[in-house]
Amino acid sequence: MPPEQTQAAPSPSAPLTVSQKAQLTAGATMWTTRAVPEAGIPSLTLADGPMGIASGRVDERDVSLLTPSGVALGATWDVDLVRRIGALVGGEATRRGVDMVLAPNVNLPRSPLAGRAFELFSEDPFLTGALGTAWASGLQSMGVGAVVKHLVCNDSETQRNSMNVVVSEAALREVYLLPFEMAAAAGCGGLLTAYNRVNGQWCSEHGHILQTTVKQAWAWPGLTISDWFGTQSTLGSAQGGLDLEMPGPARFLGEKFGDAVDRGEVDAGRLDDAVDRLARAARRFSGDKPAPLPDDAAQALLEDAAAAGFTLLRNEGDLLPLVPGRERVIAVIGPNATAPCFQGGTFAKIAVRADAPTPLEALCARFGGVAEILYEPGVDPQPRLPAMPARPARDIGDGCAAGMTLDYFDNPELTGAPVGSETRNTNVLTWFVGMHENGVWTRPAGIRASGRVRAEVSGPHQFHVGATGSVRLLIDGIEVFARQRTLAPGDIMGVLKAGDADWIAHDLQAGQEVLVTVEFTYQVARAHGVWYGVRAPDDPDAMRRRAVAAAAKADAVLLIVGETADSGVESRDRTTTALDPAQIALIEAVTAANPRTAIIANVGHAFDTRWEVQAAALMICWYPGEAFAPALAAVLAGDREPGGRMPVTIAARDADYPAFDLTPDAQGDLVYDEGTEIGYRSFAARGLAPRHALGAGFGYARFDWSDPAVTRVDGGYEVAVTVQNTSARHGSDLVQVYLTAPRFALAGFARVELAAGERRRVVVAVADRRLMVWRDGWVRSDAPHTLALSRSAVDPVFTLELEPVSP
Ligand code: BGC
């Protein structure tokens, strides 16, 4: 990305009055900054990321391209590919008139329970920094600014708005700040401050981090922005180094910043600093932007990226790929075959195009002509909130034949004519105050959603409903459920995405149609949501029996299990690493019926895979974005390789993770006891064998390594090895270089793609900084240094001693 220093110097902010300057320090609206056109400071439009462009709303109509999530990109270990994905998101931003995107997320998954782990590249800070920087560079190559988030230690969600991370300065510098430092050095436009505190101070007011480290020590000229509603005080933010409070209108900055300057409580230079940084970002990112990728090229890239992250960890008897024509009958089993988890559940959820194929559809298309495909879900594909398959109660002339009719009222009694109506084909609705600018949706006092639901089978149907305020459910005009509730805005996503809904049973006969009405009323709050659904009766035992029967008949089984988009969310961490118990029972039953089973896991973080020994193959697909299905069909058929290597460690037992429980103590402190020994480093330090190590995984091709060598170069080392593809297939390999003494850490990596039989010299750069530790400054110890060329954190192939470096 072009270093920011090369941009035209900002015009002096001196001609502006203190009040004008102060106003610039807070947003104008939910997603825009203020402008001073006469001083050449345009307004910026921001949007949420990173898996695409989301304006913070969950609206099924606002379709955008959905890329693989952070952990899926982390599994690619492919800097160039990740840069191209950043550029693709940049193109989406351009299409929507967005100047800066709140992404990438370079926090680290300390624990497998972290609610947003799916959004994070890797547990290794250097890999995260390299990929995060590549993503940001790609985005910025499209003229769109990257706001790298969340500075810093926002590595968990429990009590995220108040908790205090207690962490050593060495762990901060070497681990948690490192990805931000790398992105800043490469010229990222912005940094988003985290909600939490670090060592007693709010991140949005953290002078040691924002001023002393980021602005002074790193000499970074970009813009610091508060996470949404994440400011705590005027003086703290102004003195601590925050430049822009978001969203607007102002709460603690804006005019109040100017008042504090006028009263002499904050140095005028601090206000100038904030305004200069905003002006620089506004000029840098508001200009003309290059054209986005054409759609077919974007789709091809999304498929490449999804497949490049699929991580094959087990493949007994070379079950995969399923050579088309070899298996006569293929059973496709599992909930995620028809209900794939493309993404996680943050505010940045992307509305995916309605015609994105499911894995089952893509597998039928790929294998359908040559094999008989049997499909059984085995368990309910919607274990939490079911869909609401309804027909609108009223035709409002919008051409929508599916969904619920929504009527908006300006009073909590929902009386009089609606102030607006629309049809929405979704089971989750959320609103953010100030987000909908047309005045109608900004603060509606009540909403009635109504639609006709037809029963396909007879029996007790479960009607689910949940909301952030008061909610009633009526069937054919008769109230069957009512509840009062008030939620803190920070809880909304966790509660909503955990499918936290009540349900009642209501008997329906096959063919019967009922009018379902949900009425929602609320007080003014920062965000609102209402969600609903209906589940038809089914018998779990019968579902499993049907799946087992299909498995027993098949020559091979593709068992596609995993999560739903409400498994990984903002504001809530998970409580377990285990898959849903019903899915584990399904795995046991299906693998017992047919050991030629490949388990395809659609999971977004480290999780318990102890059942894998019962299956011939295990491949983790993470949350692969909208191209999941075509990528999966191509990989399972052997048209493509599964390119992924583990971006995180999977422990043999939960007790082995160096950090697990994410609940702060009674004082709100979460102590990072493991210090710099995050993830794989701690397993090595304690001599524990993980179930799957960082970097583990393989494709279909096979490679030999020979002639390792290390050369001193300016600023570091070059580690070289000859890689030969010894197989008859095209494929890619990953050379990992670890520092193994005096401490253990990933020091470099390089991907190489080779045709069958091809050989190439692969060079991995290892910067001096990778060998240094923080001791009130960066130092390299005098102890002997050893590097290993490895296939994973536990699989060294060659070891190389480094010559001592003269001071
Ligand atoms: C999240 C950020 C996000 C912001 C805007 C916050 O709740 O922590 O990651 O960018 O909302 O939607």
Side-chain angles (χ1 to χ4, degrees), residues 10-46 56 99-100 102 145 147 151 161 189-195 201-207 210-211 215 222-283 285-286 432-437 439 442-443 489 524-527:
S11 61
S13 40
L16 300 179
T17 64
V18 168
S19 166
Q20 277 178 312
K21 290 181 197 172
Q23 286 187 24
L24 286 168
T25 64
T29 67
M30 188 76 169
W31 295 106
T32 58
T33 64
R34 288 183 172 275
V36 185
E38 59 277 20
I41 303 174
S43 163
L44 285 168
T45 298
L46 286 76
D99 305 308
M100 293 187 93
L102 311 183
V147 184
L151 185 70
N161 293 314
L191 292 172
L192 195 76
T193 61
Y195 288 132
Q201 283 218 302
W202 295 108
C203 286
S204 56
E205 313 191 338
H206 214 297
L210 301 181
Q211 293 279 67
K215 292 187 178 178
L223 180 68
T224 59
I225 306 175
S226 71
D227 198 348
W228 263 226
F229 304 102
T231 43
Q232 304 291 337
S233 74
T234 303
L235 283 189
S237 313
Q239 290 165 343
L242 188 69
D243 302 320
L244 176 65
E245 178 184 43
M246 284 302 285
R251 294 192 308 147
F252 292 109
L253 294 190
E255 292 282 8
K256 290 182 184 164
F257 199 149
D259 297 345
V261 169
D262 287 341
R263 285 196 300 268
E265 292 165 351
V266 178
D267 189 68
R270 182 64 265 287
L271 181 58
D272 286 343
D273 172 53
V275 170
D276 285 349
R277 286 169 185 270
L278 176 78
R280 197 182 295 122
R283 292 180 186 125
F285 298 116
S286 62
F432 295 80
V433 169
M435 277 197 60
H436 302 273
E437 307 297 328
T442 304
R443 285 162 196 249
V524 169
R526 224 156 68 191

If you round to the nearest 0.5 Å, how far is [atom2] of [Y] from [atom1] of [X]?
X      : Y      : atom1 : atom2 : result
Leu44  : Trp31  : CG    : CH2   : 13.5 Å
Leu210 : Leu191 : CG    : CG    : 8.5 Å
Gln211 : His206 : CD    : NE2   : 12.5 Å

* Please list, chain by chain and in numerical order, all residues satisfying side chain to side chain donor-acceptor pair (under 3.5 Å) with Thr224, sequence neighbours excluded. =>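 For Thr224 the side chain to side chain donor-acceptor pair (under 3.5 Å) partners, ignoring immediate neighbours, are Asp243.
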* Residues which pass side chain to side chain donor-acceptor pair (under 3.5 Å) with Gln23, listed by chain and number, not counting sequence neighbours ->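 Per chain and number, Gln23 pairs via side chain to side chain donor-acceptor pair (under 3.5 Å) with Glu255.
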* Asked: Can we say Arg280 and Asp276 salt-bridge, meaning some charged N sits less than 4.0 Å from an Asp/Glu carboxylate O?
  ->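 No, Arg280 and Asp276 are not salt-bridged.
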Would you say [X] and [Y] make side-chain contact, with heavy atoms under 4.5 Å?
X      : Y      : answer
Asp273 : Lys215 : yes
Thr33  : Leu46  : yes
Phe257 : Lys21  : no
Thr25  : Phe252 : no
Leu192 : Trp228 : yes

* **Summary of salt bridge (Lys or Arg N to Asp or Glu O under 4.0 Å) pairs that have at least one residue in residues 25-38, sequence neighbours excluded** =>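 Matches after skipping sequence neighbours: none remain.
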Among residues at least two apart in sequence or on other chains, which ones pass side-chain contact (heavy atoms from CB on, under 4.5 Å) with [X]?
X      : value
Thr32  : Ala28, Thr29, Ser43, Thr45
Gln239 : Leu235, Val266
Ala26  : Glu245, Ala250
Lys256 : Thr234

* Asked: Can you name the salt bridge (charged side-chain N to carboxylate O under 4.0 Å, His left out) partners of Asp227, sequence neighbours left out?
  ->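 Asp227: no salt bridge (charged side-chain N to carboxylate O under 4.0 Å, His left out) contacts found.
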* Asked: Are Ser233 and Glu205 close enough that a side-chain donor and a side-chain acceptor fall under 3.5 Å?
  ->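 Looking only at side-chain atoms, Glu205 and Ser233 do form a donor-acceptor pair, the distance falling under 3.5 Å.
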